[in-house]
Structure formats: structure tokens, C-alpha cells
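Below is one structure, written out as C-alpha cells; the observations come after it.
Remember, predicted model here, so these are calculated numbers, not experimental data. Values below: all heavy atoms of this structure, side chains included; hydrogens, waters and symmetry mates excluded.
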Amino acid sequence: MESSRWTDDLGDKPSNFYSIKPTAACYGLCGQCICHHLGNQKLIIQYIFLLHFSRVTYLYSLQPNSKVTKDNLVLVSAGRWIYAVSSIDGSISWEKELSLDGLETKQILQSPENDIVYAVGIARSSKLALYHLSAKTGEVLKDIQESLPGELSGEIVLGSDDVLVALNKARSSLFLIKFNSGRISYNKVHVSDLVQDLSGTFKLQSLSNGVIALQTPSTVSLLKLKDTDGLEVVQRFDQPAALSDALTIAEKDQAFAVVRHVGSQIEFIVKFTSDVSSEIIREKVNIDQHRGNVEKVFLNSYIRTDKSHGFRALVVMEDHSLLLIQQGKVVWSREDGLASIVDVTTSELPVEKDGVSVADVEHNLFEWLKGHMLKLKGTLMLANADEVAAIQALRLKSSEKNKMTRDHNGFRKLLIVLTKAGKVIALHTGDGRIIWSNLLPSLRASRFGVMPSALRIYQWQVPHHSVMRENPSVLVVGKSGAESSAPGVFSILDSYSGEELNAMKLDHSVVQIIPLTLKDLSEQRLHLIVDSNSNAHLYPKSPDALDVFLHEMPNLYFYSVDILANVIRGYSLQKSCDIEGDEYCFSTKELWSIIFPSDSERIAISETRKMNEVVHTQAKTIGDHDVMYKYLSKNLVFVATVSPKAAGDIGSALPEEASLVAYLIDAVTGRILHRVTHHGAQGPIHAVLSENWVVYHYFNLRAHRFEMAVIEIYDQSRADNKDVMKLILGKHNLSAPITSYAGPEVVVKSQSYFFTHSVKAMAVTQTAKGITSKQLLIGTISDQVLALDKRYLDPRRSANPTQQEKEEGIIPLTDSLPIIPQSFVTHSHQVEALRGIVSIPAKLESTTLVFTYGVDLFYTQLAPSRTYDSLTDEFSYALLLITIAVLVAAIIVTWIWSKKKELRDKWR
């Protein structure tokens, strides 16, 4: 097992801002959780609240009027409840449930004159409630309720100290609500009277000092309160823009930032809320165009050497990348979209060309001379900072593992990942650098309204390099909305450059994606897309693909798992389709279904074999020289169900109420090949299916420990093949076709073991020929990856193995699986928020490539059976040459001595 090649820790922190890692985690939970002030204490408090309070709707830091106390209470609202939490130790000082049914707290305000907290909320969309609470005890001092004409949308912002601005449900009018001296008054303003030609959805944002921003996907309007009579438009930006929250600069003044797109640049503008018409800073910054629109802006100030205020901005782009802008430049940028990877595929690098042109020789000679001059300056310590960086870049470029061509061992590849934002990024396995990235236009999310979603990424075209000169390409499949009936989206990208070759919006939905092993004449892989009407659509839509598919269609079956309906169905394909004129559309016929009783079982997980898995041998020789034939059907499906009461978190059910049932099902016939029940067990369940065995992980409530179970299935119908005479006479059935309809005779062996860790993800190592021993790759709760030898999960293990079993290599049985510290693939590294593990076969049979992703990324090479087919990096070639030289010299000396001795013997 080799050490890690590279890691991308998305938690490394720049000095000017606090903790990108909590920021990334919070960003996915709640849009308001990133703190306005980048202080450590407040950021940690908000992050903890999002973890421990359900339905958190508002956070407010309560400043004490007394200068003696140092404890700032943080008020948290969730529905009708308000909690006051100490900022020192996180303890709850008081909690209060407000009396009005259906109340949703929208704003919490503090009186500057006394220790009174005002809580404003909406009940049943049309009733506004104002509560006066004691900041020390939470006691309700007064409550006022007022019914408004029409319903509110629930969007309320603070216009000033005593004025709230609310949007009605039709999103056509604004209510200016003033509360003073225990009374509530309001005024209605039509949005069309303020902003002309307003289209699309919009939202409100408060910027303090009576300034409010009205944002649409394409414009931003700055509004100013005119007492309680109305609003006036101060300034309008006609380009897509994002605004920061107000940042306190002086005692009574605050600044905010506007970042907008201007052509191929973004413009950074800073204004004071006291004078919105003027600008403090206006800078234009060049950025990569594959980042999309600006999503969020966080403003930060610093003191210049002349004691004036300077400003920098942390910008969150549409692709979830981060930019730090200061003084008209991008100080640093981070691809934080890599923290939300949804799928991974790989691509081979181009083959190194044999011929070299004269221009390439001259260019390489110039680069060689330039590199040696830089290295000489670096050795003499005469290089400046830029030249030192150039020297480091040359060293990385000249490194063998960082070349942009494929190697004979298959270690150098491209990892092509699809992120949640709809961006495709290609990473080099040598050092993890980004080769290219592309934010797909078809998957770009709208800031308001329906949001497209990226689903999967597949290899589309993998041309044979000796036959075709085309580059390989990948297919990205997505949906144009969140509904199951939303039309699908296709995008095909060049694997080497990231260029989008083709994009299309499908006229049908995407419910299931089935990659096939078939290829057309141009070596494009065939895919079936099943829509919400149970029709299957063939891609690519070409005559060659259709001919290949129709030839194999009678042998194609697929299944679907409906977790909500608690049913599994199997289908075959028919030539006809309801859509006229579409010869690439096929109807489906339901062949079988398994309906699980909802009162006793709920589907928890289903797994099947990897499509590209290679099996080296069909038979397994045991210690007594007997042969067991593996059941290697690619139609095998593993399904696990749990009892309804055990479907929740650990401890949600009693051992008597909990059970887990594991099924092995043939996907062609729906036949249940094996069924086993684990009483007193519940999820979460993780499983992996490989060759003829399945391993799954669950929690045992009776033993209060996690367990891992293994099931191995063997084909008993081939038992007669052990007769040598039948093999000699050709009467064996090894070459007979295997059909699911024959009703196979199977033998199942199973065993379960205690396992000390909770599991986040599971995978199994894949190698080129399937010869190397398998290892389970287990993502533990500690965000590390453990490589566990499959021999520990052999169901034939016994407490006292026989001599034959010892010779076979069976390990004596123990009640728990060993956790060997040296078996952690990630060593001392942690892959924060680990979500997935991918094993990629290399050309070298002994080695597999392991890629782990979460908030962090980790990549390494793994040799489950050691590198038996190559020399290790530690091998001493010098010692080998010396040994050969010594042997040659010894042979020569021995030959000379032999000749001299022979000559002396003749003279005697």
C-alpha cells in the first residue's frame, strides 16, 4: 500500500477570513448561516445552532446594555419557540413558546433604550404579531396582533429601527409596517410604482439606515425609506448583481458592497448606507468566465497605513467557487464546488506521440536552457520570488507523474467529476491539479425559481487510440427542474479540453439512466433513459446505434426500485412506443414485481454489481481440492429492508421491534434466490456487491454494536464438472449458456461479525483482470478509509480450522473484525464529510487507484496483494547493476583461472 499521492483539504484557511470549511458546510444547510462578522466565536455559534436546533428560522446576537457583563446572548427562533443561548458556553439561558398558533417568527429586534426584545412573526399568512419580551428572563411583557389586508409571502426585512417591510403573497405590493408605543400601523406600496419593467421573481434584502435592496435575476434596485409614507428608488443596476450585508464602519455608519457582471469582468462597488448615491470604491476585476453569476458577497474591512478604511470582498460564484477581491485583483480563488461532488468518472490521457517535429525540438531546447539557467540562479540564491515559483513549476512539469500523456502502467488518468452546481472539473491524478473546468449552460441554476439539477456523468465515447483520432468524451445527464416529470438535459464534453460538443434539452423526463455495454460503429456507448411514463429512449440517436440495440434487445432487461411505494419491478423492452414517429423510443413491459408489506418491511437499500467489473475465474478451489463454482450472474440484485419502526436513527426502536431482511433477487425473473432475517437489527445500511458475494453493514440493537455480514452464493448446477473424464470427453457444461429462467440450484454460505466503526460509504477494489485479492474500502465515521481484506469476511471461517483450511489460507474465526492501524488508506488524513469512494483499475494488475471525496478530496494507489508484478519505488537499481557487474567479473576471472589450470595440467 503506497502513501497518498495528493489531498485537497478544502479546510485550509486564508489569514484574513475565518474557516472556509465551516462556511462550505453551512452554505449547504442554510443561506443565512455564514456570519456577517468573520469572528471565530460567532461563526462557531451559528454553525452549532444549525446542527442542534431543528427548523432554525432566525438568529440574532443580543448586545447587553450593561457594560459589566461580557456574555452576549444569542437569540434563536424556530417556529413559535425562542431560545436565548449564552455565547460563552452555549448553555440555554431561557426559552419561550409564543402563544399564537401557526406563528413563524421572522424578525427579532432589541430596544436601544431598555432590556426589551421585540419578536415579530406571521400567523396564517395574514396576521402580524408583535411580542415584547424581557431580555433577561424571556417573559412576555406585551403582545399585539394585527390583521393585514391580503396574505403575506412570509418575506419580511427590517427597514429601520421601528419599520418592517413585508412582501404580499402575490408579490406585487410591499407593506411598510411601523410599530411604536405598543401599536402597529402599516402602509401599502405597489412594486410597479417603484420599479418599472419589473419581470420575474424578486426578493428583499435589508441594508440598514432605511436602505432596502429589491433583487431580481437580472436587476438590483436600491430603495430608501421615506419615513412611513413610502419608498423611493435611489439607484438601479441593470446587470445581474449580488449585495453584501451591511458592515459597521463607524458608530452610525455602515458600508455594503455590490458585485455585478460587466461584460467579461465583474465590478466591485462599495457604498455607505448614509449616502447611497456616492461610491467609496469602484473596481473592475477580470475573472474566469466558467464561474457563472455572482451568488453571494461578504464584505470585510481593514485599516490602511494612512488610517483610512480599505475593503475586500469574499465572493461566492454560481459554481460554488470562492474569490477574494482586493484592490482590483483576485488575491486567491478556490474551487469549493469540489466539496459537493455528485458523480465521478475517468478518462485515459492521450498517447504520447512517437514523432517529434523540428519546432518541438527547438522549443524543448530553449525550455531546457531556460530551466537550467533558473536552477543555477536558484542554487546561487540569486532568484527572486517569481523565479523561485517558476523553478517549482518547472519541477512539477518535468515530473514523470504529472505528464499529460498516458503511462504504460495506467497510473496517469483524468478524474472527471460532476458537482452539484452543474460544473464539470477534470483533475490530474498525478498531483490533483485542475486541467479544465466547465460550468454547463444547460445546468446553470437560476438564483430565483426552478433550479436544474445535475444527476450523473458517464463515459460517452472511448475511441481506440490505434484506430480513431477522436478525443474521448463524457456524457452529463441532468434535469431542468426538481419534479420527477421535469424534462431531461444532455451535455457531451470533450474529455481532454472540456469543450461542450453537444447540448440538448430532452422532450421527456429522466427517471432512470441505464448505461449499456453496447457500442455503435463510432464507439459511442449506448444509454437507455427511462421517463416517468415508463418509456425507454435510446441514445445516441443514430442508425448504427439502433441496429446494434435491436439485435440485442431480446436479451435486455432492467428493474426499478420504488422506495416510496415499497416495490421492486422488472421490465423487458417492446418495439412499439406511444410516441409516433420516434423509432428510438421503446415501451416497457412489466414482467414481475415484488411488493413488500409496508406494515412489516420498508426498502432501505439496493445494490448490484459494477458494470465494468472483471472476474478472473468462475471457480474456487477449497482446501480438500474440491471445486465450488461461483454464481456470477450480472442480474443479481441485493435488497435490504427494515421494519418501519427501525427505519429511523439508531435507538428509535426496541430490539423486539427491529429487524433487517436481506434478499438476493434475480432481476430477470424476480426469483428470490436467498433471504435472511437479522432480528434486533436496524440501519443505516451500507452494502457492496461483487462477483458472487455481498457484504453489508448494520447496527445490532441487542449487542449494542455494529455488525458486518457476508453472503456468498455458489452455483450447484455445475457440480458435475468436477469429473475429469467428463472434461476429457467434452461432456461438461462449462460452455453451456446460463439463463435466469432455468431455475439455478444455488448454495449460500453466510456469516456475520462485529465491527467497531460506523460506516459512511463502502466500495470494493477493482483491478484490470480481477486476479488480485479483493479488499473492502470502508469510509468510517472518523472520515478515514479502511482497507479490509476480504479474507476476514470469509463465511467459511471457523474457530478451529483444519490443516487443509489453514493451507487454503482461511483465518481462524473471531467474533469481531480486526482494525489494523496500518490498513487505513488515508493514514493520518481525514476526508471531511466523506461521501463516496471510487476504485479505478490501473493497467498494472496488482494496483488499483482509489479516489475519495467529501468536503475534502483524497487520492492514492493501493496494492491489495502487494506489487507482485512490478518493482517498487524503493528498489535499488544501482545495487542490481553492481551485482550484475560483480557476477560478470567473477565469471571472467573464473574462466581465466580455469584456462590457466587447464594449461598447467597439460604441461605436467
Side-chain angles (χ1 to χ4, degrees), residues 455-456 458 475 477 479 483-488 490 506-518 525-541 545-580 582-598 601-611 631-641 663-675 689 737-744:
L455 296 178
R456 298 295 299 272
Y458 299 96
L475 168 68
V477 184
K479 293 196 300 184
E483 302 83 9
S484 60
S485 59
F490 262 26
L506 309 181
D507 54 1
H508 56 82
S509 59
V510 177
V511 175
Q512 190 174 357
I513 308 167
I514 307 174
L516 304 176
T517 56
L518 307 175
R525 295 191 173 180
L526 274 59
H527 294 73
L528 275 180
I529 308 297
V530 182
D531 61 18
S532 56
N533 297 321
S534 297
N535 291 325
H537 303 263
L538 176 66
Y539 292 92
K541 292 187 175 183
L546 183 61
D547 292 341
V548 173
F549 178 77
L550 290 177
H551 184 264
E552 295 292 335
M553 191 178 71
N555 300 321
L556 295 178
Y557 301 85
F558 70 95
Y559 72 96
S560 66
V561 179
D562 191 340
I563 295 179
L564 296 178
N566 214 32
V567 61
I568 303 176
R569 297 182 177 92
Y571 300 90
S572 65
L573 298 169
Q574 306 293 321
K575 292 185 178 180
S576 61
C577 184
D578 296 337
I579 303 175
E580 295 183 2
D582 189 354
E583 58 182 342
Y584 300 97
C585 176
F586 302 89
S587 62
T588 59
K589 178 182 179 182
E590 184 177 325
L591 298 178
W592 56 267
S593 63
I594 300 176
I595 303 174
F596 298 95
S598 300
E601 295 183 57
R602 300 293 301 176
I603 297 176
I605 190 174
S606 64
E607 286 291 335
T608 187
R609 283 176 55 187
K610 298 292 184 183
M611 185 180 64
Y631 184 78
L632 295 175
S633 173
K634 290 189 176 181
N635 304 315
L636 189 65
V637 180
F638 169 78
V639 177
T641 65
Y663 296 89
L664 291 177
I665 302 173
D666 188 291
V668 175
T669 62
R671 182 182 290 111
I672 297 177
L673 302 176
H674 180 67
R675 179 180 183 272
L689 178 60
I738 300 174
T739 173
S740 295
Y741 289 104

If you look at every heavy atom in [X] and [Y], which pair is closest and at what distance?
X	Y	answer
Leu564	Arg602	O-NH2, 3.5 Å
Ile594	Gly670	CD1-O, 3.6 Å
Gly488	Val510	CA-CG2, 3.6 Å
Met611	Pro515	SD-O, 3.3 Å
Ser606	Val561	OG-CG2, 3.8 Å
Ala545	Pro540	CB-O, 3.4 Å

**Report entry** Evaluation steps, side chain to side chain contact (heavy atoms under 4.5 Å, CB included), between Val639 and Ile605
**Finding:** CA-CA 6 Å; Val639 177; Ile605 190 174; over 6 Å; no
Query raised in the report: Mind checking whether Phe558 and Tyr571 have parallel, tilted or perpendicular rings, split at 30° and 60°?
Result: parallel
Requested in this report: Report the C-alpha separation of Leu573 and Leu528 in whole Å, then their side-chain angles, then the decisive distance to 0.1 Å, and conclude whether the side chain to side chain contact (heavy atoms under 4.5 Å, CB included) test is met.
Outcome: CA-CA 11 Å; Leu573 298 169; Leu528 275 180; 3.7 Å; yes
Do [X] and [Y] have side chains that get closer than 4.5 Å, going by heavy atoms?
X	Y	result
Leu664	Phe638	yes
Tyr557	Asp666	no
Tyr559	Asn635	no
Lys541	Tyr539	yes
Phe586	Leu556	no
Pro487	Leu506	no

Is there a donor-acceptor contact under 3.5 Å from the side chain of [X] to the main chain of [Y]?
X	Y	result
Thr608	Leu636	yes
Trp592	Ile568	no
Asn566	Phe596	yes
Arg609	Leu632	yes

Gap separating the [atom1] atom of [X] from the [atom2] atom of [Y], nearest 0.5 angstrom:
X	Y	atom1	atom2	answer
Leu546	Met553	CG	CE	9.5 Å
Lys634	Thr517	NZ	OG1	6.5 Å
Thr588	Gln512	OG1	CD	10.0 Å
Leu550	Lys575	CG	NZ	6.5 Å

Requested in this report: Would you check, one step at a time, whether the test side chain to side chain contact (heavy atoms under 4.5 Å, CB included) holds for Tyr663 with Glu601?
Outcome: CA-CA 12 Å; Tyr663 296 89; Glu601 295 183 57; 2.8 Å; yes
Report task. Just grab all the side-chain hydrogen bond (donor to acceptor under 3.5 Å, both in side chains) pairs involving residues 527-537, residues at least two apart or on different chains. Result -> Ser509-Ser532, Asp531-His537
